[in-house]
Amino acid sequence: MASTISSDDKFDLQQNFRRFIKFHDLYIKHNDQYKSAKASRVWIAAVIAIVFAMGSSFFMGVAAGLFGLYFYRVISANLQKSSAEEGRESAERWFAAKSLKFEGRVLYSNDDNMLEAPLDPFDENIYR
């Protein structure tokens, strides 16, 4: 593919580029939140509360609440990450149909194996 793109695709290309960048940034943000939620040590406090729960229903409730908090944070972060990932993959499929690909946040032609010529969708010179 030449380094030019049809001018008929200009608007769609620019909009989908913005959309991809938005979903890419959201995915990174939500992936970090997911990692943070999984790394949370709230479940350790819940296990300790279960040890004390042998003699008290109060501690059983505390343990259940802490486990609930931990799993709620993990599940909610995973759902947000999955939603952003679906949007990002949808945009990647659109670009793949136009013989374009992303490497991080940078757009390249599929023919550019060495990733030497990034494409800027807002540069008027790439449209014919």
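What's counted below: heavy atoms across the whole structure, side chains too, no hydrogens, waters or symmetry copies. Quick note: residue numbers are just sequence positions, from 1.
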Nearest atoms (heavy-atom pairs only) where A63 meets A46: CB-O, 3.5 Å
K10/E124 ion pair, N-O < 4.0 Å: yes
Whichever hydrophobic residues join L26 through chains of side-chain contacts under 4.5 Å: F23
Distance-minimising heavy-atom pair for Y108 and E116: CE2-N, 4.4 Å
W94 atom CH2: more than 12 heavy-atom contacts under 6.0 Å: yes
K98 and D9: CA distance, side-chain angles, deciding distance, side-chain contact (heavy atoms from CB on, under 4.5 Å) verdict: CA-CA 9 Å; K98 300 293 182 184; D9 292 333; 3.6 Å; yes
Side-chain touch V62/F58, heavy atoms, less than 4.5 angstrom: yes
Transitive ILVMFWY side-chain link I28 to F20, under 4.5 Å: no
Joint hydrophobic cluster, F67 plus Y72, side-chain heavy atoms closer than 4.5 Å: no
Charged N-O contact under 4.0 Å between D25 and R105: yes
Pair F95-F102, ring-ring contact (aromatic ring centres under 6.0 Å, His included): steps then yes or no: CA-CA 8 Å; F95 281 101; F102 276 96; 4.9 Å; yes
Where D112 and A117 come nearest, the two heavy atoms and their spacing: OD2-N, 2.8 Å
hydrophobic_cluster_shared for W43 and I48, side chain cutoff 4.5 Å: yes
Side chain proximity check, R19 to S90, heavy atoms < 4.5 angstrom: yes
Heavy-atom side-chain contact between L107 and F17 under 4.5 Å: yes
Stepwise side-chain contact (heavy atoms from CB on, under 4.5 Å) check, I126 with D123: CA-CA 6 Å; I126 67 168; D123 182 13; 4.2 Å; yes
Side-chain donor/acceptor of Y127 to backbone N/O of F122, under 3.5 Å: no
Short side-chain to backbone donor-acceptor contact, Y70 and K38, under 3.5 Å: yes
Any donor-acceptor N/O pair, N16 side chain to D12 backbone, under 3.5 Å: yes
L100 side chain near N110 side chain, heavy-atom distance below 4.5 Å: no
Cluster check I50, I44: I/L/V/M/F/W/Y, side chain < 4.5 angstrom: yes
Step-by-step side-chain contact (heavy atoms from CB on, under 4.5 Å) determination, Y34 to K29: CA-CA 9 Å; Y34 176 70; K29 174 185 161 196; over 6 Å; no
Any donor-acceptor N/O pair, Q33 side chain to A77 backbone, under 3.5 Å: no
Validation row: Q80, Y27 side chains within 4.5 angstrom (heavy atoms): no
Any side-chain heavy-atom pair of K101 and L115 under 4.5 Å: yes
S36 vs R73, side-chain contact (heavy atoms from CB on, under 4.5 Å): CA-CA, chis, key distance, verdict: CA-CA 9 Å; S36 173; R73 287 184 60 208; 4.2 Å; yes
Whether S82 side chain and N78 backbone form a donor-acceptor pair below 3.5 Å: yes
